[in-house]
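To start, the structure itself, in structure tokens.
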Amino acid sequence: MKLKYIGKETRDKKIIDLGDGVKIGEGFTIVAGPCSVESKMQIEKIASFLSKKGIKILRGGAFKPRTSPYSFQGLGFEGLKFLKETAKKHKMKVISEILDPRDVEESLDYIDIIQIGSRNMQNYALLKEVGKLNKPIMLKRGMNATIEEWLMAAEYIALEGNDNIILCERGIRTFDNFTRNTLDITAVPILKSLTSLPVIVDPSHGTGVRSLVRPMSGAAAAVCADGVMVEVHFNPDKALSDSKQSIDFEEFEKLIDTTKGIYSCIQNVK
Ligand code: PEP
Ligand code: MN
């Protein structure tokens, strides 16, 4: 496999600098927020809790890639506005998914990290479009993608000039359907051996099961991932999307302690 721009031997580890001291690639970063932005009140309540816990990057989907066209599709640009206003108030940065190359430009005022979702990992028109930007991109693993295909998708972005890329392992489809996806935790050390890019883990989509989110976040810390991205809601059962994998505030506090403890242990091993 030839990695021209994101290979480990090409350069030192890439640190994603979001400004105001917020970085990905230094220490263990926790990105959190609801699956979808549902209302101004909802995002405010969640962001206010998260910021008090020291979380600096707020997630929230405004354009939702739902399996069924009849499921909640997200609030679109209105959702992005709520997200941005709320994040600004709490001094947080915003990550959100863009599905359509035609929405990229308009989204730039609202988003600090553009997320390319699993279903779009090989949408080359979209990859090229975000490759022209001077803005960090989080590239999630396609649910059916090999590591090589995933890295090649990242090369598509870098080739256009944008090497501010974060890779996000979010689980792949296997024969087992007990969990929503099979979280490929081995991808983390493999990617770290091959690329200079930060790697974060999404145990929410990676498992689809609320009770597995914290243990798998601990696993991400144990394999020295650069962080996790998790779905949090004050009333997970009532979340408009991905309620089964969303965790409540209490569980999130435990997740912070779990990952902090494991990450600091592993850092002490030389
Ligand atoms: C998401 O993180 O909002 C999402 C839809 O995840 P994925 O693209 O990994 O399914
Ligand atoms: Mn989700």
Side-chain angles (χ1 to χ4, degrees), residues 24 29-38 42-43 46 50 57-69 71-76 79-80 82-83 93-100 103 107 110-123 126-127 130 136-145 147 149-150 153-154 157 165-174 179-185 187-188 199-210 212-213 216-217 220 225 227-233 235-248 252:
I24 296 183
T29 304
I30 302 179
V31 178
C35 176
S36 305
V37 180
E38 299 170 2
Q42 175 244 21
I43 195 70
I46 296 171
L50 293 173
I57 309 177
L58 179 65
R59 68 148 286 145
F63 296 97
K64 295 305 300 175
R66 304 305 300 280
T67 303
S68 163
S71 301
F72 175 59
Q73 300 287 306
L75 298 179
L80 285 187
F82 292 160
L83 199 55
K93 304 292 176 186
V94 167
I95 176 165
S96 199
E97 177 168 357
I98 292 298
L99 296 173
D100 189 327
D103 290 334
S107 75
Y110 308 110
I111 304 182
D112 299 291
I113 304 173
I114 294 185
Q115 179 172 318
I116 303 295
S118 186
R119 291 155 191 81
N120 272 317
M121 190 207 82
Q122 285 179 317
N123 179 340
L126 186 58
L127 298 181
V130 298
I137 309 300
M138 176 172 343
L139 181 64
K140 299 192 85 175
R141 182 178 187 171
M143 60 187 81
N144 300 307
I147 286 181
E149 287 163 343
W150 186 13
I157 301 173
I165 306 166
I166 304 145
L167 298 168
C168 177
E169 163 60 42
R170 51 78 72 206
I172 49 176
R173 286 206 164 154
T174 66
T179 49
R180 182 178 180 185
N181 291 288
T182 297
L183 185 66
D184 181 11
I185 205 77
V188 178
V199 181
I200 82 157
V201 171
D202 172 351
S204 305
H205 296 89
T207 65
V209 180
R210 192 175 296 160
L212 299 177
V213 173
M216 291 302 101
S217 297
V228 286
M229 179 166 81
V230 294
E231 291 185 337
V232 179
H233 199 287
N235 189 350
D237 286 331
K238 290 274 156 60
L240 292 184
S241 55
D242 287 349
S243 68
K244 287 198 174 74
Q245 68 196 36
S246 298
I247 58 170
D248 64 16
F252 183 72

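Each ligand, and each atom within it, is numbered from 1 in the order the structure gives.
- Annotation: ligand 1 has protein neighbours Arg59, Lys64, Pro65, Glu97, Gln115, Gly117, Ser118, Arg119, Lys140, Arg170, His205, Met229, each with a heavy atom less than 4.0 angstrom from the ligand.
- Lys64 and Asp242 are not joined by a salt bridge, as no carboxylate oxygen comes within less than 4.0 angstrom of a charged side-chain nitrogen.
- Nearest heavy-atom pair across Val94 and Asp112 is N-OD2, 2.7 Å.
- Using a 4.5 Å cut-off on side-chain heavy atoms (C-beta onward), Asp103 and Phe63 make contact.
- Here CD1 of Ile166 is found 6.0 Å from CD1 of Ile95. Values are rounded to the nearest 0.5 Å.
- Counting heavy atoms from C-beta on, the side chains of Tyr110 and Leu83 never come closer than 4.5 Å.
- Using a 4.5 Å cut-off on side-chain heavy atoms (C-beta onward), Met138 and Ile24 make no contact.
- No side-chain heavy atom of Phe82 sits under 4.5 Å from any side-chain heavy atom of Gln42.
- Taking the side chain as every heavy atom from C-beta outward, His205 and Met143 never approach each other to under 4.5 Å.
- Panel detail: the Mn ion (ligand 2) has protein N, O or S atoms under 2.8 Å away, 4 in number.
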Quick one, Arg141 with Leu167, criterion side-chain contact (heavy atoms from CB on, under 4.5 Å). Give me CA distance, side-chain angles, the key distance, then yes/no. CA-CA 7 Å; Arg141 182 178 187 171; Leu167 298 168; over 6 Å; no
